[in-house]
Amino acid sequence: MPRTQIIERNRHRYEDIHRLADRGWTISAIVRRLNLDRKTVRRFRDAALAPTLRGRRGPASRGWSRPTT
């Protein structure tokens with residue numbers, strides 16, 4: 001998988017969130033420290049690494065779908 005800016009950003013977020021969570025920081029404290037939404041912090045904290053690197057839509061999504069006939 002090629003490294004893109006989104007993948008790198010997500011990798012860093014994952015590492016930062018897990019580093020702080022492993023030290024016993026609460027979600028609220030991590031949110032304040034990293035300036036992220038609570039849902040984002042919870043998603044990264046609870047996810048395995050691979051899914052968080054895909055980005056919001058996943059690797060194969062093009063943002064549109066074909067009409068069904």
Side-chain angles (χ1 to χ4, degrees):
M1 178 183 297
R3 291 188 182 253
T4 65
Q5 288 179 338
I6 292 173
I7 290 173
E8 286 300 311
R9 180 192 69 198
N10 285 349
R11 187 176 60 81
H12 287 292
R13 281 183 179 177
Y14 178 88
E15 291 170 354
D16 291 343
I17 289 168
H18 277 267
R19 179 175 39 83
L20 295 173
D22 290 345
R23 292 181 183 174
W25 287 44
T26 63
I27 289 177
S28 297
I30 295 170
V31 164
R32 286 190 299 270
R33 172 68 179 225
L34 301 179
N35 196 29
L36 296 171
D37 187 82
R38 291 178 62 81
K39 291 177 188 176
T40 302
V41 171
R42 196 174 297 121
R43 180 172 54 95
F44 276 85
R45 184 200 63 186
D46 295 343
L49 178 58
T52 62
L53 294 180
R54 293 187 314 209
R56 175 172 282 199
R57 295 185 182 174
S61 178
R62 300 287 185 250
W64 56 271
S65 62
R66 293 183 182 150
T68 56
T69 57

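Bear in mind the structure is a predicted one, so any value in this text is a computation, not a measurement.
His18 and Ala47 get closest at one heavy-atom pair: NE2-O, 4.1 Å. Ala21 and Arg45 get closest at one heavy-atom pair: CB-CG, 4.4 Å.
Here the options are Leu34, Val31, Asp46, the test is side-chain contact (heavy atoms from CB on, under 4.5 Å), and the partner is Val41; only Val31 passes.
Between the CZ atom of Arg23 and the CD1 atom of Ile30 there is a distance of 10.5 Å, given to the nearest 0.5 Å. Separating the CH2 atom in Trp25 from the CZ atom in Arg32 is a distance of 9.0 Å, to the nearest 0.5 Å. Separating the CZ atom in Arg33 from the OG1 atom in Thr26 is a distance of 13.0 Å, to the nearest 0.5 Å. Separation of atoms CG (Asp22) and CD1 (Ile17) is listed at 11.5 Å; rounding is to 0.5 Å.
Thr4 and Arg9 share no donor-acceptor pair across their side chains, judged by distance under 3.5 Å alone.
The pair Glu15-Arg19 does not count as a salt bridge, with every side-chain nitrogen at least 4.0 angstrom from each carboxylate oxygen.
Every residue meeting the side-chain contact (heavy atoms from CB on, under 4.5 Å) condition with Asp37, not counting sequence neighbours, appears here in chain and number order: Lys39, Thr40.
Using a 4.5 Å heavy-atom cutoff, the side chains of Phe44 and Asn10 are in contact. For the pair Arg42/Ile27, a side-chain contact is recorded, criterion being any heavy-atom separation below 4.5 Å from C-beta on.
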